[in-house]
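Here is the structure we will look at.
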Amino acid sequence: MDIKADHDADAEARFRLFWDRAPDRVAAELIGTEFCVDGVGGIIVETEAYAADDPASHSFGGETRRNAAMFGPPGHVYVYRSYGLHWCLNFVCQRGSAVLLRALEPLHGFDRMSERRGLTEPRLFCSGPGRLALALGIDASHNGLSLQDPRFTLVPPVAYVPVIVGARIGISKATDKAWRFGLAGSPYLSKRFEQG
DNA sequence: AAAAAGATGGCCT
DNA sequence: GGCCATCTTTTTT
């Protein structure tokens with residue numbers, strides 16, 4: 001019996017079980033998780049879920065060159081260019097779905113983030129999907145990478161996390177879905193949640 | 001071939 | 001709150 005092989009197989013199975021689920025569940029559970037890219041990052045405080053059969057999702061209408069990563073393995077990264085200017089970072093969940101990272105509370109690599117963002121105010125480092133990607137050095141080269149890649153680190157929260165829920169923002173379709181999740185009371189959100 | 005539409009952010013009033 | 005820089009994908013002519 002090979003103990004290391006068993007351990008590796010278990011880790012692989014857990015990874016798959018976590019990511020191969022509905023994006024709204026994963027998006028909610030990611031709040032409070034620490035995420036870093038090459039040691040730079042912090043606590044995830046805001047996410048949005050985009051489902052496979054969701055008119056607001058890039059995957060709606062099937063696989064294209066841009067959204068190919070969303071149809072690849074769960075637990076991989078989907079990076080896209082927004083408005084021709086910004087990069088946005090997603091984690092792929094069950095086939096055709098993903099979670100958009102919208103805001104982080106900076107924790108590691110302040111100098112690096114400040115340099116990349118051209119600002120010194122930590123509140124503005126990662127409060128928005130484009131800002132977050134820039135602060136963490138995310139670009140097209142990361143598209144399709146597995147979250148098991150050594151450049152990424154994910155550390156789940158160790159205590160209860162108060163999560164607030166609201167309608168997704170910045171979209172024009174399927175605005176009725178309450179698929180935006182945030183850390184209650186966090187000053188690092190990209191925008192306040194509506195009452196409710 | 002051309003044009004519109006974005007999962008945005010920064011700076012303006 | 002409004003404007004607009006900037007460009008890829010998607011839709012329309």
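Naming convention: chains lettered A, B, ... in sequence-line order (proteins, then strands); numbering from 1 in each chain. Bear in mind the structure is a predicted one, so any value in this text is a computation, not a measurement.
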With pairs taken as Watson-Crick or G-U wobble and both distances under 3.5 angstrom, which stems of at least three consecutive pairs involve DNA chain C?
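Only these stems qualify: B:1-6 with C:7-12, B:8-12 with C:1-5.
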Tell me which residues in residues 25-38 of chain A put a heavy atom below 4.0 Å from DNA chain B, sorted by number, or none.
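Contacts with DNA chain B under 4.0 Å: none.
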Which of residues 104-133 of chain A sit near DNA chain B, with a heavy atom under 4.0 Å from it?
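Going residue by residue through residues 104-133 of chain A, the ones with a heavy atom under 4.0 Å of DNA chain B turn out to be A/R117, A/G128, A/P129, A/G130, A/R131.
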May I ask you to establish whether A/R180 and A/F193 are in a cation-pi arrangement, using a distance under 6.0 Å from NZ or CZ to the six-membered ring centre and at most 45° from the ring axis?
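Flagged: A/R180 positioned over aromatic ring of A/F193.
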Pi-cation contact, A/Y50 with A/R168 (under 6.0 Å, within 45°)
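That pair qualifies as a cation-pi contact.
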Assign A/R168 to base, sugar-phosphate, or nothing according to its heavy-atom contacts below 4.0 angstrom with the strands shown.
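Counting heavy atoms under 4.0 Å across all strands, no contact is made by A/R168.
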Which part of the nucleic acid, if any, lies within contact of A/S172, taking any heavy atom under 4.0 Å across all strands shown: a base, the sugar-phosphate backbone alone, or nothing?
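Sugar-phosphate contact only.
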B/dA7, B/dT8, B/dG6: which one has an atom nearest the side-chain heavy atoms of A/L100?
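Nucleotide nearest to A/L100's side chain: B/dA7.
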What integer distance in Å separates [X]:[atom1] from [N]:[atom2]?
X      : N     : atom1 : atom2 : value
A/L134 : B/dA7 : CG    : P     : 20 Å
A/N90  : B/dG6 : CG    : P     : 17 Å
A/I169 : B/dG9 : CD1   : C1'   : 12 Å
A/W87  : C/dT8 : CH2   : C1'   : 10 Å
A/F60  : B/dA7 : CZ    : C1'   : 15 Å
A/M70  : B/dA7 : CE    : C1'   : 10 Å
A/I138 : B/dA7 : CD1   : P     : 20 Å

Heteroatom pairs (N/O) under 3.5 angstrom, protein to nucleotides 10-13 of chain C:
unit_1 : atom_1 : unit_2 : atom_2 : d
C/dT10 : OP1    : A/T64  : OG1    : 3.1

Tell me whether A/Y80 is stacked on the nucleobase of B/dA7, counting only the six-membered base ring and applying the 5.5 Å and 30° thresholds.
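Here A/Y80 fails the 5.5 Å or the 30° condition.
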Every protein N/O lying under 3.5 Å from an N/O of nucleotides 2-7 of chain C:
unit_1 : atom_1 : unit_2 : atom_2 : d
C/dT6  : O2     : A/Y83  : O      : 2.6

Pairs involving residues 82-104 of chain A, ordered by first then second residue, that meet ring pair (Phe, Tyr, Trp, His ring centres under 6.0 Å) (sequence neighbours left out):
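Counting only pairs at least two positions apart or across chains, the ring pair (Phe, Tyr, Trp, His ring centres under 6.0 Å) contacts touching residues 82-104 of chain A are A/W19-A/F91, A/F35-A/F91.
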